[in-house]
Amino acid sequence: MEGGRCFWPRGKAVGGSSVINYMIYTRGIPTDWDRIAAEGNYGWSYQEILPYYLKSERANLKRLQNSPWHGRDGELAVEYVPFRSKLSKAFLDAGKYLGHRRVDYNSPDYFGFSYIQATMSKGHRWSSAKAFLHSKKKRKNLHILHSTRATKVLIDPATKTAYGVEFQRNGRVYQIKAKKEVILSAGPIESPHLLMLSGIGPKEHLESFDIPVVQDLRVGETLYDHITFPALPFILNTTRLTIIERRESTIENFVKFSQYGDGPMSSLAGVETIGYIKTNESDELGDLPDVELLGGCASLASDEGNIVAKGIHLADWLYRDTFKPLENLESFSILFMLLHPKSKGHLKLRSRNPFDYPKLYGNYLTHPKDVATVIAAIRYIIKLVDTPPFQKYGAKLHTKKFPNCVQYEFGSDNYWECAIRTVTSTLHHQIATCKMGPAWDPDAVVDPELRVYGVNNLRVVDSSVIPRTIVAHTNAPAIMIGEKAADMIKRSWGMVS
Ligand SMILES: Cc1cc2nc3c(=O)[nH]c(=O)nc-3n(C[C@H](O)[C@H](O)[C@H](O)COP(=O)(O)OP(=O)(O)OC[C@H]3O[C@@H](n4cnc5c(N)ncnc54)[C@H](O)[C@@H]3O)c2cc1C
């Protein structure tokens, strides 16, 4: 990666990262949420959180119209992606060939393969802003200040009570007071950052920046993320099966997309299908997946390195050497997501200036189990593509070695380890930086009602509270957390029984 670093963008927009994400809609499986509840987080079992997923969802999913696992009256549009390449069917057929069932992966019967359900409406992105704010903009009790940066939560140190927020807009500093409570919802990087700037965080760390400590909590000391390896291209001997950007950038396709929400431009950057597998590295009993596969109809070369490779900050030398030669070929990749990494990251302040980004440490692949699982996932993908549904298109693994890994035999464990350490890409699911947990959890920042420990009238409501890894991309879980928190807040202030 450029400079040996991964790129961690966030959506700095109304709607947050749902404005820039891949739109994959996943919720986490019952075991995930039941484990979170069993750890002392009352109210968070699957049975208890499911109603909030159903509440926000407006599903329009063929053949699932009567499913009890989908909501139809909410604000968040969920659909299958209208565009499907032939490779998406090959992925599902290959799964079947290896014994995987077709499932609705957002139901409790999740262990199998499926087309991706996406947060889109008629083929177009359905961000949280579109879903929850656009139609409510004129409400008298809602004020949206865009282009505005919160710099601090205002807390009375004597009573340890949050009473407002300091923010900057057009170079001016303002303060706004809260009548009831302050809700921090700045995402998994900025919520812990703002807490630390406001005096809530690891005491010794805050003191090293001369920040007066309001509450000593382990803010930012836990961070999990989901990684992938987007650099496993396969080449086909059949034409017009993949999305090649130059070929698809036509007026006709633009019209198809803008008028009818269809065609290759409605694709999630070529990602089409999903499959849950359990590798032989898993220690779990039963059908608990450790890897999610993401079938695609494009590779890093399909846009000539202009969008996806640049978007993940892939180093130019690697692109030129390994992927550029594929630009004129039909190529595709199957991605995977390491669902339960054992490697743990953290984040720290860089300075006490709120405009300085915090220091982010993913610490990916620092646990040997993660390396072994990732290698098993790569081997599984190769096996999947070696089945008749892909072989009828002549799919072949691109076996050019990464130039920095030439000393290893292609396909050996050492080679794959070198490769995945070279291209370690995040799926941007950082969590647990303001970890939710019961009072006896020394790492907990918020309680199961999302109230910051030791501080009155302050809650964190976003993906930073998710305490452990889940089988999900984190957009829908963040929205579910918002729905659930809304009920908690109403209950706290006696607005519902
Ligand atoms: C490139 C990318 C692809 C992804 N793909 C998927 C996917 O396909 N499916 C999926 O489920 N998830 C995906 N995710 C993850 C998902 O989008 C996030 O988990 C989800 O948006 C998290 O919601 P959040 O509210 O916790 O944080 P965010 O969405 O990051 O929202 C935080 C909000 O706070 C605002 N903010 C932050 N700091 C301040 C401040 N100091 N002052 C004022 N405002 C502030 C930001 O502008 C933003 O609006 C992706 C994420 C990225 C970045």
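We count ligands from 1, going down the list as the structure has it; atoms in each ligand are counted the same way.
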- Taking the side chain as every heavy atom from C-beta outward, state whether Tyr224 and Ile466 have any atom pair closer than 4.5 Å. no
Does [X] pair with [Y] as a salt bridge, N-O distance under 4.0 Å?
| X | Y | value |
| --- | --- | --- |
| Asp104 | Arg102 | no |
| Lys484 | Asp487 | no |
| Glu181 | Arg459 | yes |
| Lys122 | Asp262 | no |

Ligand-side contact atoms (ligand 1) for residue partner [X], heavy atom cut-off under 4.0 Å:
| X | result |
| --- | --- |
| Ile24 | 7 (C), 8 (O), 9 (N), 10 (C), 11 (O) |
| Ser463 | 22 (C), 24 (P), 26 (O) |
| Pro9 | 53 (C) |
| Ser18 | 21 (O) |
| Thr148 | 42 (N), 43 (C) |
| Glu190 | 37 (C), 38 (N), 41 (N) |

- Query: Judged by non-hydrogen atoms, does Leu194 sit under 4.0 Å from ligand 1?
  - Reply: yes
Consider every N or O of [X] and every N or O of ligand 1, then say whether any pair is closer than 3.5 Å.
| X | result |
| --- | --- |
| Asp462 | no |
| Thr474 | yes |
| Leu427 | no |
| Ser464 | no |
| Lys12 | no |
| Met23 | yes |

- Message: If you count every heavy atom of other residues, nucleotides or ligands that lies below 6.0 Å from Lys278 atom NZ, does the total exceed 12?
- Response: yes
In terms of residue, atom name and distance, what is the protein heavy atom nearest to [atom]?
| atom | answer |
| --- | --- |
| atom 37 (C) of ligand 1 | Ala186 O, 3.3 Å |
| atom 46 (C) of ligand 1 | Gly11 O, 3.7 Å |
| atom 11 (O) of ligand 1 | Asn475 N, 2.8 Å |
| atom 51 (C) of ligand 1 | His428 CB, 3.3 Å |
| atom 27 (O) of ligand 1 | Gly187 CA, 3.3 Å |

Side chain, backbone, both or neither: which part of [X] comes within less than 4.0 Å of ligand 1 when only heavy atoms are counted?
| X | value |
| --- | --- |
| Arg10 | side chain |
| Ser128 | neither |
| His429 | side chain |
| Ala13 | backbone |
| Ala478 | side chain |

- Kindly indicate whether a cation-pi arrangement holds for Lys179 with Trp493, taking the cut-offs as under 6.0 Å to the six-membered ring centre and within 45° of the axis. no
- Item | Cation-aromatic face contact Arg149/Phe167, 6.0 Å, 45 degrees | no
Has [X] got a side-chain atom pairing as donor or acceptor with [Y]'s backbone, closer than 3.5 angstrom?
| X | Y | answer |
| --- | --- | --- |
| Ser191 | Ala186 | yes |
| Trp126 | Glu79 | no |
| Ser114 | Ile274 | no |
| His205 | Leu349 | yes |

- Query: Where do Phe234 and Phe332 land on the ring-ring contact (aromatic ring centres under 6.0 Å, His included) test, with the steps shown first?
  - Reply: CA-CA 5 Å; Phe234 294 86; Phe332 72 101; 5.4 Å; yes
- Item | Arg10 side, atom CZ; Gln430 side, atom CD - distance, nearest 0.5 Å | 5.5 Å
- Counting heavy atoms only, which of Ala150, Ser185, Pro354 comes nearest to atom 41 (N) of ligand 1? Ala150
- Message: Using heavy-atom distances only, which candidate in Val14, Ile466, Asn21 approaches atom 17 (O) of ligand 1 most closely?
- Response: Asn21
- Report the residue from His428, His340, His429 that forms a ring pair (Phe, Tyr, Trp, His ring centres under 6.0 Å) with His226. His429
